[in-house]
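As structure tokens, the structure follows; a few thoughts come after it.
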Protein chains: 2
Amino acid sequence: MSSENSETRRRILQATTDLLQEGHGADVRMSDIARRAGITRQAVYLHFANRAELLIAMTFHVDEIKRSNDRLAPSRAARTGTERLDAYVEAWAAYIPEIYPFAKPLMLMGPTDEAARGAWARRMQDMREGCEAAIQALERDRMLSAEHTVDAATDLLWTMMQVENWEHLTQACGWSQAKYVENLKHMARRLFVVDGSVRSAREA
Amino acid sequence: MSSENSETRRRILQATTDLLQEGHGADVRMSDIARRAGITRQAVYLHFANRAELLIAMTFHVDEIKRSNDRLAPSRAARTGTERLDAYVEAWAAYIPEIYPFAKPLMLMGPTDEAARGAWARRMQDMREGCEAAIQALERDRMLSAEHTVDAATDLLWTMMQVENWEHLTQACGWSQAKYVENLKHMARRLFVVDGSVRSAREA
DNA sequence: CCTTCACTTGACACAGTGTCAATTGACATG
DNA sequence: CATGTCAATTGACACTGTGTCAAGTGAAGG
């Protein structure tokens with residue numbers, strides 16, 4: 001396995017993201033990637049120990065391109081807890097469809113690959129922290145619904161925002177992205193904000 | 001493939017459910033099943049065309065044992081819409097952990113096997129009908145929150161009750177079954193019942 | 001006795017991942 | 001120019017699990 005910055009290594013990562021971006025499915029094979037990168041299948045293993053490691057590295061590669069960290073930051077600027085909750089839900093919800101094609105292979109590997117499962121779990125754990133921060137901001141403002149502890153509310157919000165739910169609503173239910181975002185925001189407010197104050201319920 | 005009622009066929013199905021029940025993991029192999037049934041791996045294919053078909057048949061076998069249809073029925077007896085919603089959520093929530101070991105292999109095959117995906121989708125579609133009936137009962141009582149159409153409310157309830165969310169809450173979040181049920185019921189009421197009338201928020 | 005039928009035995013094909021040894025070709029350095 | 005290094009190639013093979021096939025066995029039953 002060569003050093004972190006190798007031209008070929010970058011080519012492999014780029015080939016992987018390109019294939020996923022183009023919708024060739026989350027079951028991209030090592031040989032597909034190699035061909036796209038213009039090298040041999042075996043040569044891929046000179047740079048990545050196995051498929052899981054390659055896919056994990058690919059997600060970091062995507063992070064850089066998408067400036068992922070900057071995406072969730074704006075919610076931190078929110079003044080009130082309610083604003084923060086809204087902003088966070090909105091930011092994450094808007095982020096899902098962008099990263100979905102790249103996240104999916106990792107999700108798919110989870111059941112069989114320990115490393116892949118761990119990598120995905122870590123990302124989701126990070127996302128949980130955003131949920132917790134939003135809930136804590138509500139609590140600080142005394143706006144957290146009395147029915148939930150911070151922990152329980154965080155777990156519920158975290159669960160609602162799972163990629164699988166986005167998948168289900170947009171695919172099985174055929175919802176538009178806008179409808180998804182609107183409803184998620186609405187649910188979060190209704191469930192976690194004291195008194196369930198909800199501005200309006202637009203149809204999306 | 002021999003006729004539907006063959007002693008061996010039953011033995012294979014029983015072997016499969018036994019293995020899953022005992023927690024040998026949702027990745028049971030054809031050879032594991034064959035050994036457990038006391039026959040050859042190849043002989044399994046005398047009764048089932050492939051792994052997907054076997055697993056699908058296994059779920060029907062489990063349906064019979066668990067009298068699945070009877071489980072969701074009680075909610076139909078509910079007088080008010082609110083009672084029906086409660087009853088349905090509770091019945092399904094209680095049902096999940098029982099069927100989970102048998103459902104999981106099918107869920108796992110979904111991404112790669114058309115037939116498995118279809119079989120699972122059909123089951124979930126049935127479950128959706130229960131959701132819709134509950135929401136419609138609310139609507140009839142003029143108790144459906146004005147924020148949602150029947151369709152949207154059904155989709156949301158349906159999504160909330162997905163097995164993946166139960167998995168996430170009980171596994172990733174470490175929730176007890178009781179806590180899961182309590183919170184799901186609470187959410188459903190809060191989200192869909194006009195005025196969000198909620199009795200109490202016990203900690204489970 | 002002979003057939004039928006379920007099952008066994010032993011073999012093989014196929015995909016996809018991962019590994020290995022020998023080789024090539026470029027580039028760099030003495 | 002000779003030599004060594006290093007990335008990549010070539011061709012092969014192992015492994016796992018699914019699914020298939022042909023020939024053989026053994027018991028039940030007309």
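Values in this document were obtained by computation on a predicted structure and should not be read as measured data. Only heavy atoms go into these numbers, but all of them, side chains included; no hydrogens, no water, no symmetry mates. Sequence lines set the chain letters: A, B, ... in the order given, protein chains first and strands last, and positions in each chain run from 1.
- The CD1-P distance, from A:Ile39 to C:dG25, rounds to 19 Å in whole Å.
- The stretch residues 16-35 of chain A does not touch DNA chain D, since none of its heavy atoms comes less than 4.0 Å from the strand.
- Under the ring pair (Phe, Tyr, Trp, His ring centres under 6.0 Å) criterion, the residue pairs touching residues 62-110 of chain B are B:Tyr100-B:Trp166, with sequence neighbours excluded.
- Counting only heavy atoms from C-beta on, A:Ala43 has its side chain closest to D:dA8 among C:dG18, C:dC7, D:dA8.
- Formation of a donor-acceptor pair under 3.5 Å by the A:Asp113 side chain with backbone atoms of A:Ala115 is found in this model.
- Geometrically, A:Arg123 engages A:Phe60 in a cation-pi contact defined by less than 6.0 Å to the ring centre and at most 45° from the axis.
- Side chain of B:Asn50 to backbone of B:Ala52: a donor-acceptor contact under 3.5 angstrom is found.
- Formation of a donor-acceptor pair under 3.5 Å by the A:Arg41 side chain with backbone atoms of A:Ser31 is not found in this model.
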Apply side-chain hydrogen bond (donor to acceptor under 3.5 Å, both in side chains) to B:Gln42 and B:Thr40, showing your working. CA-CA 5 Å; B:Gln42 293 90 316; B:Thr40 330; 5.1 Å; no
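- Side chain of A:Leu46, nearest nucleotide from D:dA8, C:dG10, C:dG18: D:dA8.
- When all heavy atoms of B:Leu144 and B:Ala153 are compared, the pair lying nearest together is CD1-CB, 4.1 Å.
- Closest-nucleotide positions on DNA chain C for B:Arg41 and B:Thr8 were compared, and the one nearer the 5' end corresponds to B:Thr8.
- A salt bridge between B:Asp32 and B:Arg35 is present, with a side-chain N of the basic residue lying under 4.0 Å from a carboxylate O of the acidic one.
- Between its opening and closing five pairs, the helix from C:dC1-D:dG30 to C:dG30-D:dC1 changes axis direction by 30°, a value rounded to 10 degrees.
- When each of B:Gly38 and A:Arg51 is assigned the nucleotide of DNA chain C with its nearest heavy atom, B:Gly38 is the one assigned upstream, toward the 5' end.
- Between the CG atom of B:Leu108 and the C1' atom of D:dG17 there is a distance of 15 Å, given to the nearest Å.
- Taking 4.0 angstrom as the limit, B:Thr40 places none of its side-chain polar atoms (N or O) nearer than this to OP1 or OP2 of C:dC7.
- Taking 4.0 angstrom as the limit, B:His47 places a side-chain polar atom (N or O) nearer than this to OP1 or OP2 of C:dC7.
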